[in-house]
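Okay, structure first, notes after.
Just so you know, these numbers come straight off a predicted model, no measurement behind them.
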Amino acid sequence: MCARYAFFNGKVVADDLGVTPLPDLEPRYNIAPMQTAPVIVPSDGGWDMEMMRWGLIPSWAKDETIAQKLINARGEPLREKPSFRAAYKRRRCVIPANGFYEWSGKRGSKQPFFITLRGSDLMPLAGLWEEWETPEALLHTFTIITTEPNELISPIHTRMPVILAPEDVARWLDSDGVPVEEASQLLVPYPADEMQMTAVHPEVGRVVIDHPGLIEPIEKQTELF
DNA sequence: CCAGACGTTGTT
DNA sequence: GTCTGG
DNA sequence: CCAGACGTTGTT
DNA sequence: GTCTGG
């Protein structure tokens with residue numbers, strides 16, 4: 001799964017993707033579901049960054065309570081799912097991240113890990129977005145696609161987010177030129193030998209905590225394993 | 001036909 | 001135990 | 001994902 | 001909106 005991530009280095013989206021970061025972007029070390037975060041979408045032949053809320057709301061939803069259930073979407077059956085298939089065809093997006101968190105252990109003895117890429121600061125995550133009409137306004141929401149874990153993640157989790165290679169970002173975002181059959185080839189586990197994982201402080205579990213110390217390695221507390 | 005679901009993960 | 005909020 | 005709430009009435 | 005279950 002992927003239910004917490006960090007995006008603190010906005011400059012990498014300019015360097016690696018040519019997308020201008022939003023001017024008022026704050027560095028974030030603990031982005032949680034139901035919060036607003038930047039998302040990259042096609043715009044005027046190029047790509048743009050836009051703030052959206054994490055937790056997808058399909059256009060047909062009667063209220064927004066479904067959002068917290070749709071923070072992730074399994075990649076394999078995307079085409080058949082009523083909640084996702086419309087967005088899969090027309091509204092694919094990339095969630096810019098620098099790394100994501102996963103936890104191992106049971107409640108009360110959770111150990112969080114921060115996972116990053118070895119070769120790059122930018123970790124582009126594959127996602128979908130939707131537009132939901134409230135009585136007052138249009139609400140833009142997104143979800144992060146998951147796949148099977150690679151050998152790095154599988155010891156602690158059964159799923160991991162889909163990470164796109166920079167050269168695949170264009171194909172993922174091109175809904176007009178790249179049909180779902182082709183796009184689905186991108187929804188695979190990222191190579192484990194290009195990723196790394198470090199144990200971090202459990203205070204990342206608290207959504208109100210958001211500072212650079214959250215991604216700093218700590219000594220593994222072996223009694224937790 | 002109408003009513004109700006539409007989802008993921010982890011844990012048991 | 002289970003749901004909600006972030 | 002984790003953390004925190006989970007409730008009502010009356011009084012200030 | 002569309003599919004499934006009854």
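Side-chain atoms of A:Trp172 come within 3.5 Å of backbone atoms of A:Cys93 as a donor-acceptor pair (strictly under, hydrogens ignored). A donor-acceptor distance shorter than 3.5 angstrom exists from the side chain of A:Asn150 to the backbone of A:Leu152, with no hydrogens or angles considered.
Residue pairs meeting the ring-ring contact (aromatic ring centres under 6.0 Å, His included) criterion with at least one partner in residues 4-32 of chain A, sequence neighbours excluded, are A:Tyr5-A:Trp54, A:Phe8-A:Tyr29. Within the structure, salt bridge (charged side-chain N to carboxylate O under 4.0 Å, His left out) pairs that include any residue of residues 60-71 of chain A comprise A:Arg53-A:Glu64 (at least two apart or interchain). The salt bridge (charged side-chain N to carboxylate O under 4.0 Å, His left out) contacts involving residues 6-21 of chain A comprise A:Lys11-A:Asp15, where partners must be two or more places apart or lie in separate chains.
Comparing B:dG4 with D:dG10, their P atoms are spaced 36 Å from each other, to the whole Å. One P atom belongs to B:dC2, the other to D:dT9, and the distance between them is 41 Å to the nearest Å. Taking atom P on both nucleotides, D:dT8 is separated from B:dC6 by 29 Å, rounded to a whole Å. For C:dT4 and B:dA5, the P atoms lie 15 Å apart once the distance is rounded to whole Å. Distance noted for atom P between D:dC1 and B:dT11: 7 Å (whole Å).
The two atoms that bring A:Pro189 and A:Met160 nearest to each other are CB-SD, 4.5 Å, heavy atoms only.
Residues that satisfy the side chain to side chain donor-acceptor pair (under 3.5 Å) test with A:His211, not counting sequence neighbours, are A:Glu203. For A:Glu50, the side chain to side chain donor-acceptor pair (under 3.5 Å) criterion is met by A:His140, not counting sequence neighbours. The side chain to side chain donor-acceptor pair (under 3.5 Å) check on A:Thr141 picks up nothing, with sequence neighbours excluded. A search for side chain to side chain donor-acceptor pair (under 3.5 Å) contacts involving A:Gln68 returns nothing, not counting sequence neighbours.
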Please list, one pair per line, the donor and acceptor atoms closer than 3.5 Å that link side chains of residues 115-129 of chain A to other protein atoms, with sequence neighbours excluded.
unit_1	atom_1	unit_2	atom_2	d
A:Arg118	NE	A:Asp193	O	3.3
A:Arg118	NE	A:Met195	O	3.3
A:Ser120	OG	A:Leu122	N	2.9
A:Ser120	OG	A:Leu122	O	3.2

With 3.5 Å as the limit, what N/O pairs link the protein to nucleotides 2-6 of chain C?
unit_1	atom_1	unit_2	atom_2	d
C:dG5	N7	A:Gln68	NE2	3.2
C:dG6	O3'	A:Gln35	NE2	3.3
C:dG6	N9	A:Pro33	O	3.4
C:dG6	N7	A:Pro33	O	3.2
C:dG6	N2	A:Arg4	NH2	3.2

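Between A:Arg91 and A:Glu130, at least one side-chain nitrogen of the basic residue sits less than 4.0 Å from a carboxylate oxygen of the acidic one, meeting the salt-bridge criterion.
Backbone-only contact: A:Thr146 has heavy atoms under 4.0 Å from sugar-phosphate atoms and none from a base.
Taking atom CD on A:Glu130 and atom P on E:dG1, their separation rounds to 13 Å, with Å as the unit.
Note that the first and last nucleotides of DNA chain D, 5' to 3', having any atom under 4.0 angstrom from a heavy atom of chain A are D:dC1 to D:dG4.
For the pair A:Leu187/A:Thr146, no side-chain contact is recorded, criterion being any heavy-atom separation below 4.5 Å from C-beta on.
DNA chain E lies under 4.0 Å from at least one heavy atom of each of the following residues of residues 79-90 of chain A: A:Pro82, A:Arg85.
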Under 3.5 Å for both distances, Watson-Crick or G-U wobble, that's the pair rule; now give the dot-bracket for DNA chain D, with | marking pairs to another strand and [ ] for crossing ones. ||||||......
